[in-house]
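Here the structure comes first, spelled out in structure tokens, and everything after it is commentary.
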Amino acid sequence: MNQKIRSWALALGCLLLVSLYPCLFQYSLNLPESRLADAAVFWGIFAGIGLLTFLVCLAILRRVEAAAFLGALCLLAAMNFGLLKSGVQKWLPWLPGGILLGGCALVLLAIGVLLLVKKWRCHVPLVLFTVMFGVLCLVSGVMAVPKLGRPEKKPPEPEPVQAQRAPEANQPNVYLFLYDEYSGPEGLTYFYNFDNSPFYEALEQRGFSCSDDSYNTESCSTTVLVPNLYALSYDASPFVSGDGEAPYLYRVFQELGYQVNLVSHNDFLDTDGARVLTKGQTESSICQYLYQNSLLPFTPLSGVMEQQMPQLRAAYQYKKLLDDALNTLDNAWQETAGGPTLTLGYIQCPHAGFIYDRDGGQVPEEDFLNWRDPQYYLGQLQYINGRILGAVDRILQHDPSAVIILQSDHGVRLGYHLTDLYGDSYDPETETIHQQNILNCVYLGGETLDISGLSGINTLRTVLNRLFDLDYDMVEPRSFINYYP
């Protein structure tokens, strides 16, 4: 009797520890932002899957420890199938997920048949599983302890930044809005044969000077290009919020008496020396990670789960953050009462994920990363066109003396994405320059400003020279080829 009790205790303990580990690991890894309730929900879900699998195996194998061992293997497969699928399809993009799922099922079935026929004792591997996952859970718990007392990291409250000198009279508010992966006209023609001239004509009617042939040639990576832009030069350090080092552009404007406001989608921009107008841009539930990397999205349960827990859907969370950032951008003019203000906006759009069609309707979630069909990138671009014009009109209505700069970091990187997602052929030597064609338009109080052919950095230097009688030289272009790793 004691042996039977020990077997049951070992079996249940193993399954509970195996199901607990990914939940506890994600909870401790993402503290203090993560919530214990989210980890508990998925521990319950995974434990339920493990126990159900164990009971089915027990009915067939008639041995507690063998059933627990096979149940633990099935549970591991169920908790990690989405992760396995992503990894395998990265190297074998032609392999359907159904084939991979069938292969996993055959392996587990083979192990089950061997356990049934050979009557293998499973006490030792079950003990090893229990000890291993017990240690992993213990380590995750220890990792969590020092973080539990740490205050949650929040962006700075929107209080005016102390200016380095008193602002001069009649200095205009300056708005610099960046739209990630917004292609310039030449890139859109090359990749999609798409004519975006109505958007540029609408800007020019509002008094903008626009460049069709601006290129950021030093890279095709946002994490390189945006820090460079804010440094007004090349080889800038990546953004690190909280290190006390404000980007050079912030400091230039602060020396001129400006405060700095940020509209930072996905909390991408460096917050040092600035006040952040967007809130909650890093809020994401660990439930989403645990769900997306499991077998659950590929089962009939997915519809019910996503209806009851919409935060499980990547598209739902992305839409929420994008809408918040765009709405904050629309009203950024309201946050300039404290004195002359530099408002910096970063929006990860029309970059994927694809959320909106051209009319603002929502794209099907299965097309969230669909680079194959041009309608999704072009539809989101046209939607963003409308949002840009709306934000510009609000600024011009309420802040008519403003200076507005609209740019992108790089253009559409279509060939790179098709290679990454679908394994298509890709010619980086030919395509890179077209990927580097950017959005580049400036409103300078209705005055004409010749920015034709200027990079993002040189455009900012030109605007600063014109506005504040500075003397920045133009930087020489660099060469870069966007090879696929």
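These numbers come from a predicted model, not from an experiment.
Under the 3.5 Å distance criterion, the side-chain polar atoms of Tyr250 are matched with a main-chain donor or acceptor of Asp270. Using modelled atom types, no side-chain atom of Glu429 and backbone atom of Asn482 make a donor-acceptor pair closer than 3.5 Å. The main-chain N or O of Trp333 is never found under 3.5 Å from a side-chain atom of Asp399 such that the two would form a donor-acceptor pair. Not one N or O on the side chain of Asn458 forms a donor-acceptor pair closer than 3.5 Å with the backbone of Met474. Under the 3.5 Å distance criterion, the side-chain polar atoms of Ser408 are left unmatched by any main-chain donor or acceptor of Gly411. Here the side chain of Asn80 pairs a donor or acceptor atom with the backbone of Leu76 at under 3.5 angstrom. In this structure, the side chain of Tyr230 does not engage the main chain of Ala246 through any donor-acceptor pair within 3.5 Å. A donor-acceptor pair is defined here as one N or O able to donate and one able to accept, closer than 3.5 Å; such a pair exists between the side chain of Thr341 and the backbone of Gly339. Formation of a donor-acceptor pair under 3.5 Å by the Gln382 side chain with backbone atoms of Leu378 is found in this model. Judged by distance alone, the side chain of Thr271 and the main-chain N or O of Ser241 form no donor-acceptor pair under 3.5 Å.
The side-chain heavy atoms of Val240 and Glu245, taken from C-beta on, include no pair separated by under 4.5 Å. The shortest distance between side-chain heavy atoms of Tyr190 and Thr430 falls below 4.5 Å. Val224 has its side chain out of reach of Asp409: every pair of non-hydrogen atoms, C-beta onward, lies at least 4.5 Å apart. The side-chain heavy atoms of Leu444 and Arg466, taken from C-beta on, include a pair separated by under 4.5 Å. No side-chain heavy atom of Val263 sits less than 4.5 Å from a side-chain heavy atom of Phe177. Between Leu100 and Leu84, the closest side-chain pair of non-hydrogen atoms falls below 4.5 Å. In this structure, the side chains of Ser455 and Thr217 stay at 4.5 Å or more apart for every pair of heavy atoms. Counting only heavy atoms from C-beta outward, the side chains of Leu232 and Leu460 approach each other to under 4.5 Å.
Minimum heavy-atom separation, Gly257 to Pro340: O-CG, 3.6 Å. The minimum heavy-atom distance between Gln435 and Cys220, with the atom names listed, is OE1-SG, 3.6 Å. The minimum heavy-atom distance linking Tyr179 with Leu329 is given by the pair OH-CD2, 3.4 Å. Across Ser219 and Gln436, no two heavy atoms sit closer than the pair O-NE2, 3.4 Å. Contact detail for Ser140 and Leu24: the closest heavy-atom pair is CB-CG, 3.8 Å. Between Tyr377 and Ser183, the shortest heavy-atom contact is OH-N, 3.1 Å.
Separation of atoms CG (Leu449) and SG (Cys441) is listed at 11.5 Å; rounding is to 0.5 Å. The CG atom of Asn385 sits 5.0 Å away from atom CG of Asn196, with the distance rounded to the nearest 0.5 Å. The CG atom of Asp323 sits 8.5 Å away from atom CD1 of Ile355, with the distance rounded to the nearest 0.5 Å. We find the NE2-OH distance between His417 and Tyr484 to be 11.0 Å, quoted to the nearest 0.5 Å. Taking CD from Gln334 and CZ from Arg394, the interatomic distance works out to 9.5 Å, rounded to the nearest 0.5 Å. Distance check: Ser237 OG to Tyr248 OH gives 15.0 Å after rounding to the nearest 0.5 Å.
For Lys279 and Asp324, the salt-bridge test fails: no basic side-chain N is under 4.0 Å from an acidic carboxylate O. For Asp424 and Arg372, the salt-bridge test passes: some basic side-chain N is under 4.0 Å from an acidic carboxylate O. A salt bridge does not link Glu431 to Arg413: none of the charged nitrogens lies less than 4.0 Å from a carboxylate oxygen. Taking 4.0 Å as the cut-off between side-chain N and carboxylate O, Asp235 and Arg478 count as a salt-bridged pair.
Residues meeting the side-chain contact (heavy atoms from CB on, under 4.5 Å) test with Asn293, sequence neighbours left out: Leu83, Tyr289. Remark: Phe468 engages Phe253, Tyr258 in a ring pair (Phe, Tyr, Trp, His ring centres under 6.0 Å) (not counting sequence neighbours). By the ring pair (Phe, Tyr, Trp, His ring centres under 6.0 Å) test, Phe480 is found to be paired with no residue, residues two or more places apart in sequence or in another chain being considered. For the ring pair (Phe, Tyr, Trp, His ring centres under 6.0 Å) test, residues two or more places apart in sequence or in another chain that qualify with Phe25 are Tyr21. Remark: Tyr356 engages Tyr383 in a ring pair (Phe, Tyr, Trp, His ring centres under 6.0 Å) (not counting sequence neighbours).
A 6.0 Å sphere centred on CG of Asp469 holds no more than 12 heavy atoms belonging to other residues, nucleotides or ligands. Taking a 6.0 Å sphere around CD of Glu366, one finds it holds more than 12 heavy atoms contributed by other residues, nucleotides or ligands.
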When you look at His265 and Leu321, which way does the side-chain contact (heavy atoms from CB on, under 4.5 Å) test go after all the steps?
CA-CA 7 Å; His265 186 200; Leu321 300 184; 4.1 Å; yes
Between Phe239 and Asp267, does the side-chain contact (heavy atoms from CB on, under 4.5 Å) criterion hold? Intermediate values first, please.
CA-CA 11 Å; Phe239 291 148; Asp267 276 347; over 6 Å; no
Run Val135 and Phe133 through side-chain contact (heavy atoms from CB on, under 4.5 Å) and show every step you take.
CA-CA 5 Å; Val135 170; Phe133 281 94; over 6 Å; no
Verdict with reasoning, Tyr200 to Leu439, per side-chain contact (heavy atoms from CB on, under 4.5 Å):
CA-CA 10 Å; Tyr200 285 89; Leu439 169 70; 3.6 Å; yes
Show the numbers, then the answer: is there a side chain to side chain donor-acceptor pair (under 3.5 Å) between Ser197 and Asp195?
CA-CA 6 Å; Ser197 59; Asp195 179 11; 2.8 Å; yes
Please step through side chain to side chain donor-acceptor pair (under 3.5 Å) for the pair Tyr234 and Asn228, ending with a clear verdict.
CA-CA 5 Å; Tyr234 301 132; Asn228 282 355; over 6 Å; no
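Inspection of the Thr328 and Asp330 side chains reveals no N or O donor paired with an N or O acceptor under 3.5 Å.
If you run side chain to side chain contact (heavy atoms under 4.5 Å, CB included) between Tyr215 and each of Leu454, Thr432, Ile433, only Ile433 comes through. The side chain to side chain contact (heavy atoms under 4.5 Å, CB included) test with Leu406 singles out one residue from Leu176, Asn440, Leu203, Leu178, and that residue is Leu203.
Note that Arg206 lies outside the cation-pi zone of Tyr443, set by a 6.0 Å cut-off to the ring centre and a 45° limit from the axis.
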Residues 342-354 side chain polar contacts: donor-acceptor under 3.5 Å, at least two apart:
residue, atom, partner, partner atom, Å
Tyr346, OH, Asp180, OD2, 2.5
Gln348, OE1, Asn266, ND2, 3.0

